[in-house]
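For reference, the structure is listed below as structure tokens.
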Amino acid sequence: MRIGVVTFPGSLDDRSALRAIELAGGVAVPLFHGENDLKEVQAVVLPGGFSYGDYLRCGAISRFSPIMESIILAAEHGFPVLGICNGFQILCESHLLPGALTRNADLHFICADQKVSVENTNTPWTRGYAQGQEIVIPIKNGEGSFQCSDETLKELEDEGRVVLRYVGKNPNGSRNLIAGISNKRGNVVGVMPHPEQAIENLTGPSEDGLMFFSSILKELVG
Amino acid sequence: MAMIVVEVMLKPEILDPQGQAVASALPRLGFTFAQSVRQGKRFEIEVVGEPTAEQLAEVEKAAHTLLSNPVIENFVVKVEK
Amino acid sequence: MAMIVVEVMLKPEILDPQGQAVASALPRLGFTFAQSVRQGKRFEIEVVGEPTAEQLAEVEKAAHTLLSNPVIENFVVKVEK
Amino acid sequence: MALDTVKHAQENPDAAQPYKELGLKDDEYASIKEILGRRPTSSELAMYSVMWSEHCSYKSSKIHLKQFGEKAVMSDALLVGIGENAGVVDVGQGYAVTFKIESHNHPSYIEPYQGAATGVGGIVRDILTMGARPIAVMDPLRFGNPENPDTRRVLPGIVSGIGGYGNCLGLPNIGGEIVFDDTYQGNPLVNALCVGVMKHADIKLATAHGAGNLVVLFGAKTGGDGIGGVSVLASETFSDSKPTKRPAVQVGDPFAEKVLIECSLEIFKEDLVVGIQDLGGAGLSCATSELASAGSGGMDIRLETVPLRDPSLSPEEILMSESQERMCAIIEPSKLKRFMQICKKWDVTATVIGEVTTGTRLNITFNGELIVDVPPRTVAHDGPVYNRPIAKPKYLESLKPVSVPLPSTPDEIKAAVLKLMAAPNLADKSWVTNQYDRYVQGNTVLSQPEDSGVIRIDTNTNLGVAISTDANARWSYLNPYEGAKLALLESCRNIATNGAKPLAVTNCLNFGSPEDPEVMWQFSETVRGLADACLELGLPVTGGNVSFYNQTGTVAILPTPVIGVLGVVDDVTKRTPMGIKPNQDIYIIGNVDDNFSGSEWAHINGKQIGDRSPVADLDMEQRLVKLLLEGQPLFEAAHDISNGGFAASISEMVMRTNVGATITLEGNVAAELLAETPGRVVVAINESNTNAITALAGKYQIPVRRVGSTGGNSLTINGGAISIDELREANTGVLEALFG
Ligand SMILES: Nc1ncnc2c1ncn2[C@@H]1O[C@H](COP(=O)(O)OP(=O)(O)O)[C@@H](O)[C@H]1O
Ligand SMILES: [Mg+2]
């Protein structure tokens, strides 16, 4: 099963995402922002980082890259996409996901081992988790505060589209403690925490993140 | 050369932690004038010659698609000399 | 209530990576109007009543000490209605 | 009058030149004239003045630093030594590692965010230049009084600058230091360390060989950054078009640096460069003269081809500009096309600005006119050397012994531990370190608050490296010779505590003015101490940095030699962390004495510093490192004893995993608790290993004592019980309350 990881200029967690896919048993395929060829991958991960330095708004410039044109088109037809951190921001800027990620309430970059609960296991990326399962994966971002209109918030909650929710103290001012959401169809998921940095106990706070990658692989095998 | 300015501010209903941080720092430094503070962005765009109506329309479009995120922000386009 | 606006821009001789990022993104999206782009900050400060001369002097002081870093930035204080 | 060409200089030999404003002394100016056989052009004068500055030429420190080379033992591990951008050591399995510390103290005081950010940017380029992928950074920092309002301006700015730049580059921050002392009030120290890894075959050097090879400048465009001083010249020569204002500080563009890293690594991978040099202090002047000087010698540069951000720059300013995020490469003409393709892929500007020649001179033209014609070595390497006067400081005659309360009852012990752990120097640093990404790249095995940072470099074999940086400036103040040795030993001990074998040393020597004989004495004693200790331990110094003039008026900072030690860990899965688990026995390895000089306990009791530094016991410390490495399989947890003594170490271990401990100290209880006698480590073992640890202690002749065991919800020392909640309450939130 081939899963792509896009490298934008300024992507940082691309190599970790490739490694996570391999550890989960998949074939990891590097994709480059400047090409629109998806190289026959069956799902794609938009990794964390500071694409284009995050200078204008996080994800604002990457959204217009050639590869995103292909991904947006495919995603609208059900192609599985996971956006992690900066990838989540790109998905919001692309309007594949609603809302926006804004400056953390305390204005600082925050790197922490974060407890989150998996609230929606009905996506190809989270099916392997138990509903309500609490996991610990790192957050590391300066603009992770999820904001949206009241209507959008209601829609997300009513339709069960909140995928991850922070447990305990709100780390960044996100509405309803939202740490990750999906689109209506469920194929597009964006999360602020980094599952790809929680795939080995040696280098992460847990191995809880690996299931994102195992889930999609299982889904693709059918 | 003329200058077109695009001002982008967070919508009033969106949390503005940067503005809030300024608002609470001011009284600590003895400044008491502010009722509230919002912080936004200002883009100064240099264009050749007098800005035309088409050019301004283009800037509006760029402000809408790239310079601001309509989900959370409002913008204003102005011409300055 | 009146609004005092403080506009803070990097000095012209200082590198502006943010403005540069916008300037190089615009043509990629087909926008060709910009000769150059600089990005700065805009503070909207609400004050009670008409701003007095003393108040404006205070804002100038706050702009100089807190809202901008005079080593790399310039600022302008304006009154908007 | 326009351009000051070589011809013009020959025709106007007596034109007055502002060499003094540029920081050159009369005799230095005279020797430039002698070298050239004429007066320098203004461009040449600009080049010599920066390259012969203290910062670039090491003119006051050179004769002392020589000892690192002279005393060094031959180390097989050393692949590239002092003199290149950074030293390179062999860590086995075909991997080479390069690391170095640099200071960015003065700029960080003026503009904390940008000063610190560009400090990180600069050291990362040094590491990249060696051909390595940067894999981690560390940031030893020093600040003034935490209560002083200016510290509130400086500290948060510096911290977010380090985070802002390092996080955006995707470099995990794996450690550092934060120390407060009043002497740093007007001179905070921002030292930044970077470490990188490569295969042996990929090592690159800064040399320009092969006539006909091209000189290519790539990365950011050149602006007027960091050329304040040189504007004197520009305004002299360009009488009609006065240059606009020149920025006093540089602004970093971490995104530009990130793409520069990826672009360079791709270029290295295809072996497209003959030599490479980053542009740091003194910009193009430095890069061209060093590349030429280390190569065959001849180079032609066409200065008007340099892409400019600010078109008003004069040639002198282009030569001097310290604009960030630029590199200079020497490449064979046949490889230019491929080189340019890779730059285009990453959207990096690259321009051929000249070539290597068969000659021996560095010739620089501007629109066809010759403005520089110099032997490159005289600019880059043959700068002035001073043997500055030294004098033993007078303050050493009036030192007073420490007089501190000595807790003994349970209540006194409890109060002392809580007071100590709430002191800014010992308080929890996570308000700072949580602003740094420690996970990115996915190879961070240990990071703050552990004793050292440990990074995996091979995911198949689990080979890794460990690094720690240390300095005890108070001991250096009391005795700089011992202080330097002790800093080195602490750093070695820190990495050995986590299971790494010390391999190589870097350093950043932060001092006051070299023109003050007492400061110069501190400096010379420091270098002597470090060189002697390295010789005895068999560790090479692979590079470093000297920062002088850290003083406000006549008051110098505490002499602060920050020492970084790199070690190798054959299997990172076996590293020893500091967190304890229940039902383990706690041991102290090493002996304490009752000297409180330089300790945190003395500092928080009236800012006392005391009268005598400990004396470094190199022989014992070497045995200790061996004991730690051999005993590593026995240790469930380990933590070095340093600042704050045993009280701090055990408190940190308890808080790390929220597991309590019950401790009984005997003998001189206050000293056991609070003294900072070097050469000690706390370890936790399972009871079944009691005999093994005793045997080990016998083998290496180091005292080892069981002092208690783990478990429960409090730290109890000689009956003084502190709940973990109380301890955490005292220890956390301190920095946030001051700076948040
Ligand atoms: N500025 C900093 N950046 C990153 N890590 C830091 C910083 N300051 C302190 N630390 C980390 O906090 C821990 C405790 O620091 P310190 O007390 O100086 O350790 P040690 O006594 O072992 O030298 C170490 O892991 C150190 O690396
Ligand atoms: Mg330590």
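Residue numbering restarts at 1 for every chain, and letters A, B, ... go by the order of the sequence lines.
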**Message:** Which heavy atom of B:A62 sits nearest to which heavy atom of C:F33, and what is that distance?
**Reply:** CB-CZ, 3.8 Å

**Prompt:** Tell me, side chain or backbone of C:I4 under 4.5 Å from chain B's heavy atoms, or both, or neither?
**Reply:** neither

**Item:** Winner by heavy-atom pair count (cut-off under 4.5 Å) against chain C, out of B:A23, B:G40, B:G30
**Value:** B:G40

Record all donor-acceptor atom pairs with a distance under 3.5 Å between chain B and chain C; write none if the list is empty.
residue: B:E7; atom: OE1; partner: C:R42; partner atom: NH1; Å: 3.1
residue: B:E7; atom: OE2; partner: C:R42; partner atom: NH1; Å: 2.9
residue: B:Q35; atom: N; partner: C:E46; partner atom: O; Å: 2.6
residue: B:S36; atom: O; partner: C:E46; partner atom: N; Å: 2.9
residue: B:S36; atom: OG; partner: C:E46; partner atom: OE1; Å: 3.3
residue: B:R38; atom: N; partner: C:E44; partner atom: O; Å: 2.9
residue: B:R38; atom: O; partner: C:E44; partner atom: N; Å: 2.8
residue: B:G40; atom: N; partner: C:R42; partner atom: O; Å: 2.7
residue: B:G40; atom: O; partner: C:R42; partner atom: N; Å: 3.0
residue: B:R42; atom: N; partner: C:G40; partner atom: O; Å: 3.0
residue: B:R42; atom: O; partner: C:G40; partner atom: N; Å: 2.7
residue: B:R42; atom: NH1; partner: C:E7; partner atom: OE1; Å: 3.1
residue: B:R42; atom: NH1; partner: C:E7; partner atom: OE2; Å: 3.0
residue: B:E44; atom: N; partner: C:R38; partner atom: O; Å: 2.8
residue: B:E44; atom: O; partner: C:R38; partner atom: N; Å: 2.9
residue: B:E46; atom: N; partner: C:S36; partner atom: O; Å: 2.9
residue: B:E46; atom: O; partner: C:Q35; partner atom: N; Å: 2.6
residue: B:E46; atom: OE1; partner: C:S36; partner atom: OG; Å: 3.3

**Asked** Is chain C contacted by the side chain of B:M3, its backbone, both, or neither, given a heavy-atom distance below 4.5 Å?
**Response** neither

**Item:** Set of side-chain contact (heavy atoms from CB on, under 4.5 Å) partners for B:A34, sequence neighbours left out
**Value:** B:L26, B:V37, C:I45

**Pick from C:V59, C:V22, C:V48 with the largest number of heavy-atom pairs that fall under 4.5 Å of chain B** = C:V59

**Item:** Set of residues satisfying side-chain contact (heavy atoms from CB on, under 4.5 Å) with respect to C:P17, sequence neighbours excluded
**Value:** A:Y55, C:L15, D:V251, D:D253

